[in-house]
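Scroll down for the structure; my scribbles are underneath it.
Each chain gets a letter, A, B and so on, in the order the sequences are listed, and its residues count up from 1.
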2 protein chains.
Amino acid sequence: MAQGGGGTRHQGGIARADDATLGDEALRGIVALLRSGELKPGAIVNEAELAKRFGMSRGPVREAVRRLEGRKLVVREAYQRARVVTLDRAAIVGIFELRECLEGMACRLAATHMTDAALERLARDTERAGTRNAFTVDYRFSFHQAIVDGCGNARIGTVLAQEVYDLVRLYRWSSGALPGRAGAAPAEHRAIAAALRKRDADRAEALMREHVRRSMQMVVTA
Amino acid sequence: MAQGGGGTRHQGGIARADDATLGDEALRGIVALLRSGELKPGAIVNEAELAKRFGMSRGPVREAVRRLEGRKLVVREAYQRARVVTLDRAAIVGIFELRECLEGMACRLAATHMTDAALERLARDTERAGTRNAFTVDYRFSFHQAIVDGCGNARIGTVLAQEVYDLVRLYRWSSGALPGRAGAAPAEHRAIAAALRKRDADRAEALMREHVRRSMQMVVTA
DNA sequence: GCCGCGCAAAGTGTCAACACTTTGCGCGGG
DNA sequence: CCCGCGCAAAGTGTTGACACTTTGCGCGGC
């Protein structure tokens, strides 16, 4: 009806690759900046600057920043500028406590909901990762991700992604890089996969919780 | 510097009571509409209409709706209008599974973090609620709330509030209204309070999880 | 030489207007 | 009488401009 003022959808210069809205694009752009490390924790998020950079108006950028606030990747300073969140020790512990109970629950549910084929494949991949030097970030991601995806509760996955994984990525806690961790984790993964294959929900949950708790200690004591 | 276009902060008519931003006010207003039942699940959320109603421009309303999307109280239909979320049986189960593990964890943490005085008071209030006809919505809210608040992990409380309680309120699941539930729940509460007072984290968590699981069954089988 | 005041600059909050997309209804053909 | 086409209406996406608030720096007084 009446709105776009600018109405510059295809006029502004760069054409959008996909059909998503500019707000979505801004969101992806900012997240990319966070992951690339260009926007570090504590850095100020400037609407106008980002708008200029992305070749759009402040509106969509503002919307994206607000959404990131909802995901707690950005905090607002009183009445003023937005900053990339900074986490103290207590906040880190809190995040891992959240992760512990969520991934534990996902594991419990996965013991019931995942198919035999999926569990078989999980066990195989886990085995391979332990014997080789394949304990990469990608692999670990896929192990936890496979369980969360297979647990049958998408909401748990969403919460984990937004409240935990994004923040973990922001701080680059690759606990696997810590000495001794890369050696212990594969064994724990194998034990979890084994419990899942036996459909032992209680044991799978307990093992996963312990696994997460251990990786927290690696991060916190570092 | 340059912004308000409208610049109608105090000109538009109604003066804002507090110092919060209009976007915050719009958010509160929409949540109030949800709680009052005027905006039912499945209802269309119209930016312009709400803007007119709240006496503000579409901008802040839009922002509020986007934030509610982040809280999953509102879903966006493809490219189009926003709707109040509707939940099927699977979604309801998912929400209670989330609640189970989060409140369970909160309970575990509370067993360590809450002060003796706070636990004493919790036990006293719980006792009173069981013996009288005081098993009201307010009371139950305060029981669970006291534990979550006292667990020392604010993030768990935030997630619960946004991912669970808001949705529960939206659907008015007062499981206490179901026959037999008002009788069983107080006893379960007392057992949880007792375990907390003994600082028995494992038992407190297990009892709380069972408690939540039972109230889910009341809702789902109804 | 140091502290406080005041002004300029930067940044966010808000608005009205315009562009684009989808929906819904009426009209004509079959 | 039913179906499909096209146009009007409604709604969201986006923009540039203006209001208000905070920050930071320079200047003058002490």
Just verifying a value: how many Å separate B:Arg213 CZ and B:Gln217 CD, rounded to the nearest 0.5 Å? 8.5 Å
For the pair made of CZ in B:Phe54 and C1' in C:dT14, what is the distance, rounded to whole Å? 16 Å
Write down the distance between CG (B:Asn46) and P (C:dT23), rounded to a whole number of angstrom. 15 Å
Check the phosphate of D:dT12 against A:Thr21, side-chain N and O only, distance under 4.0 Å to OP1 or OP2. Yes or no? no
In whole angstrom, give the distance that lies between atom CD of A:Glu47 and atom P of D:dT15. 13 Å
Integer-rounded Å distance: C:dT14 P and B:Glu63 CD: 7 Å
By the 4.0 Å heavy-atom rule, please label B:Val45 as base, sugar-phosphate, or nothing. sugar-phosphate
Whole-Å gap separating C1' (C:dC15) and CG (B:Leu22): 10 Å
With a 3.5 angstrom cut-off on both distances, give the Watson-Crick or G-U wobble partner of D:dT23, or none if there isn't one. C:dA8
Starting at CG of A:Asp24 and ending at P of D:dT14, how long is that distance when rounded to a whole Å? 8 Å
Taking all atoms of both residues into account, what is the closest heavy-atom pair of A:Glu47 and A:Val61, and its distance? O-CG1, 3.7 Å
A:Arg62 CZ to C:dC15 P, straight-line distance once rounded to whole Å: 11 Å
Expressed in angstrom and rounded to an integer, what is the separation of A:Arg76 atom CZ from D:dT21 atom P? 16 Å
Among D:dA17, C:dC15, C:dG24, the nucleotide that comes nearest once only the side chain of A:Arg58 is considered: D:dA17
Between A:Leu167 and the options A:Val85, A:Leu98, A:Ile92, the side-chain contact (heavy atoms from CB on, under 4.5 Å) test singles out A:Val85
Before accepting this row, confirm whether a basic side-chain N of the pair A:Asp24/A:Arg67 lies closer than 4.0 Å to the acidic partner's carboxylate O. yes
Exactly one candidate in B:Met216, B:His189, B:Glu103 meets side-chain contact (heavy atoms from CB on, under 4.5 Å) with B:His211; the answer is B:His189
Please work out if A:Gly59 contacts a base, only the sugar-phosphate, or nothing of the nucleic acid, heavy-atom cut-off 4.0 Å. base
Which of the following nucleotides, D:dT23, D:dG16, C:dC15, is nearest to the side chain of A:Ser57? D:dG16
